[in-house]
Amino acid sequence: MKSITKNSINSGIAIRLTVACPDQIGIVATIGQLIAKYQGNIIEANHHTDAGAGWFFMRHDIYFPTDFTKLDQLQRELENISQALQLQWQLIQPKRPKRVILMVSRQSHCLADILYRWRSKELNIEILCIISNHQDLAQEASWHNIPYHYIPVPKQDKTAAFNQLAETIDQYKPDLIVLARYMQILPPFLCQQYPGRIINIHHSFLPAFAGAKPYHQAFERGVKLIGATCHYVNDELDAGPIIEQDMVRINHCHSIDDMVRLGKDVEKNVLARGLRLHLEDRVFIHNDKTVVFN
């Protein structure tokens with residue numbers, strides 16, 4: 001009798017299936033039977049029903065035999081099922097790196113962390129370019145052999161700069177844009193062009209400590225928690241669907257410098273976790289919130 005090993009189970013053609021649809025009986029069974037029909041082996045399954053919204057979410061990692069050649073036929077059958085079950089579905093090749101643009105201003109902590117994780121192959125991405133409204137981090141891009149686009153954004157009239165920014169982004173056709181401490185508010189037309197495909201990171205003092213020097217403001221008010229929020233960007237400032245959050249406790253012994261250091265640590269860690277969740281297709285956006293399969 002041939003033994004089944006981990007390698008034999010997790011070998012073959014990797015496909016990821018994501019589904020969102022109105023909740024109803026039989027969704028998992030119907031899709032499971034279809035996958036079995038094509039000899040697919042589900043190695044990770046995630047399901048969630050939002051009872052209040054009446055919506056169902058599913059994410060399956062599947063391995064098909066190495067000689068699998070019927071992907072087009074599987075897609076057609078999924079399309080037929082989707083009409084009956086009102087499925088919003090995607091078949092994704094998880095091993096294909098997602099094409100990413102990084103955007104920065106002057107602070108380097110989030111950028112440096114992402115570049116390290118990329119070079120050490122922790123993040124399955126292809127970095128297309130780095131875009132900035134300052135020249136401070138150009139050397140960082142040069143060291144990594146990544147194209148660097150300096151697009152200054154004047155305070156008075158930002159229209160021309162944002163048009164140039166949009167043209168630059170469009171030429172790369174990215175899967176995802178990451179605002180790794182890019183300190184400009186993107187115009188609505190750009191947010192609408194990439195819904196669910198722009199990720200931002202910011203400290204969680206907003207809106208109580210909006211504006212310049214939030215850590216100085218927090219120090220003056222005796223804040224006890226420093227946090228960060230990773231979220232998708234939409235038309236409303238810092239109000240897009242939240243992907244990931246975290247915090248660190250502080251007290252009266254911490255100086256402003258301590259708070260800035262701790263704040264940078266939590267920002268880069270939250271951004272990295274939120275980015276990984278998106279890259280692994282674990283985040284579903286529904287209305288103004290997310291379902292996240294950790």
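Reckoned from all heavy atoms, side chains included, excluding hydrogens, waters and symmetry mates.
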Report the distance from atom NE2 of His144 to atom OH of Tyr116, rounding to the nearest 0.5 Å. 11.0 Å
What distance do Leu115 atom CG and Leu111 atom CG have between them, rounded to the nearest 0.5 Å? 4.5 Å
Taking everything shown except Ile185 itself, do over 12 heavy atoms lie less than 6.0 Å from its CD1? no
Do Tyr232 and His278 pair up side chain to side chain, a donor and an acceptor below 3.5 Å, judged on atom types alone? yes
Regarding Glu267 and His109, do their side chains bring together a donor and an acceptor under 3.5 Å, going by distance alone? yes
Does Trp55 share a hydrophobic cluster with Ile27, counting links as ILVMFWY side-chain heavy atoms below 4.5 Å and allowing steps through other members? no
Are Ile62 and Val28 joined in one hydrophobic group, where the rule is that I, L, V, M, F, W and Y side chains link up if heavy atoms are under 4.5 Å apart? yes
Are [X] and [Y] packed together at the side-chain level, in the sense that at least one heavy-atom pair is separated by less than 4.5 angstrom?
X	Y	answer
Cys110	Leu271	yes
Asp50	Phe56	no
His47	Phe57	no
Thr168	Ile151	yes
Met259	Ile250	yes
Met103	Ile177	yes
Asn294	Asn46	no
Val104	Ile130	yes

Sort and list the pairs that fulfil salt bridge (charged side-chain N to carboxylate O under 4.0 Å, His left out) and have at least one residue in residues 64-86, not counting sequence neighbours. Lys37-Glu77
Taking only residues at least two apart or on different chains, which pairs with a member in residues 143-170 satisfy salt bridge (charged side-chain N to carboxylate O under 4.0 Å, His left out)? Asp170-Lys173
Kindly state whether the ring of His286 and the ring of His48 have centres lying under 6.0 angstrom apart. no
I want to know whether His134 and Tyr182 have ring centres closer than 6.0 Å. no
Does Glu244 pair with Arg282 as a salt bridge, N-O distance under 4.0 Å? no
Could you report the tightest heavy-atom contact between Leu91 and Leu74, atom names first, then the distance? CD1-CD2, 4.3 Å
Taking side chain to side chain contact (heavy atoms under 4.5 Å, CB included) as the definition, give me every residue that meets it alongside Thr18, ordered by chain and number, with sequence neighbours left out. Arg16, Arg59, Gln90, Ile92, Asp281, Phe284
Check the orientation of Tyr38 and Phe68. Use parallel for under 30°, tilted for 30 to 60°, and perpendicular for over 60°. perpendicular
When you measure from the side chain of Arg119 to the backbone N and O of Ile114, does any donor-acceptor pair fall under 3.5 Å? no
